[in-house]
Amino acid sequence: MARRYWLMKSEPDAFSMDDLIASDQQTAPWDGVRNYQARNFMRDEMKPGDGVFFYHSRTQPLVIAGTMEVSSKPYPDPTQFDPDSKYFDAKSSKEQPRWFLVDVTFTAKFEPPITRDQLKQTPGLEDMMVLQKGSRLSIQPVTEQEWIIIHQLAGKDPK
DNA sequence: GCCAACGTTGGC
DNA sequence: GCCAACGTTGGC
């Protein structure tokens, strides 16, 4: 199956691009997703090797901070079973887990990061889901064209 | 199955 | 920090 592309949002106060870079093996589980559509993307559609933009939301400035790669198959999000976690879900069980995630591994940092304003001003990105008003989905598909255009903005080779 | 109430997201 | 837009819950 062809490689696909994604955008995943995180509030940098909770987990940032630099947190990912500082993680063991520059790899982290993308935990805490509690939206079915976003879960379905991770559980059913993502494949190891897919390319992912790391988007910083609910901060200033709003940016794409860089890229990462899907680096595991989907597996149950462990935080759903942890009563001490804010992501605990009493309605989930180990026999029938409700929430799934993938691991992501750092691939490149955009320096400087690509701002939302730049994205909005760039021809070819008008249809990007993240730029649409009211777009709350925290994991979104990205087209190959968008992947390439944004790498050009960042002065990077799309890989 | 509907839909009002509620909690959360996220740009501004 | 505000608040509109959105997704989920739960009473009926």
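Quick caveat, the model's predicted, so the values are computed rather than measured. Letters A, B, ... are given to chains in the order of the sequence lines, protein chains preceding strands, and every chain is numbered from 1.
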Worksheet item: Run the side chain to side chain contact (heavy atoms under 4.5 Å, CB included) check on L101(A) and V33(A) step by step: do they pass?
Response: CA-CA 8 Å; L101(A) 53 66; V33(A) 170; over 6 Å; no
Response to the item:
Within residues 29-45 of chain A, those residues having any heavy atom closer than 4.0 Å to DNA chain C are N35(A), Y36(A)
Do any N or O atoms of the protein come closer than 3.5 Å to N or O atoms of nucleotides 3-5 of chain B, and which pairs are they?
none

Worksheet, complete the sentence: Between L20(A) and V104(A), the two heavy atoms sitting closest are CD1-O, 3.8 Å
Practice prompt. Decide yes or no for T59(A) and D13(A): does some side-chain heavy atom of the first lie under 4.5 Å from some side-chain heavy atom of the second?
Written response: no
Discussion item. Within 45 degrees of the ring normal and closer than 6.0 Å to the centroid, is that where the cationic atom of K156(A) sits relative to F110(A)?
Written reply: no
Worksheet entry | Closest heavy-atom pair and its distance - E126(A), T122(A) | OE2-O, 4.2 Å
Worksheet item: Just checking, is any N or O donor in the side chain of Y87(A) or D82(A) under 3.5 Å from an acceptor N or O on the other one?
Response: no
Discussion item. For a quick test of reading the model, state the closest non-hydrogen atom pair linking F100(A) to R39(A) and the distance between them.
Written reply: N-CG, 3.8 Å
Discussion item. Would you call the rings of F15(A) and F54(A) parallel, tilted or perpendicular, taking 30° and 60° as the class edges?
Written reply: parallel
Practice prompt. Sugar-phosphate atoms are those with a prime plus P, OP1 and OP2; base atoms are the rest. Using that split, label each nucleotide of nucleotides 7-12 of chain B B, S or - for protein heavy atoms under 4.0 Å, 5' to 3'.
Written response: BBBBBS
Worksheet entry | Residues R34(A), D77(A): salt bridge by 4.0 Å N-O rule | yes
Discussion item. I'd like to know if the side chain of Q140(A) reaches the main chain of V130(A), judged simply by a donor and an acceptor atom lying under 3.5 Å from each other, with no hydrogens or angles considered.
Written reply: yes
Worksheet entry | Contact nearer the 5' end of DNA chain C, comparing G134(A) with K91(A) | G134(A)
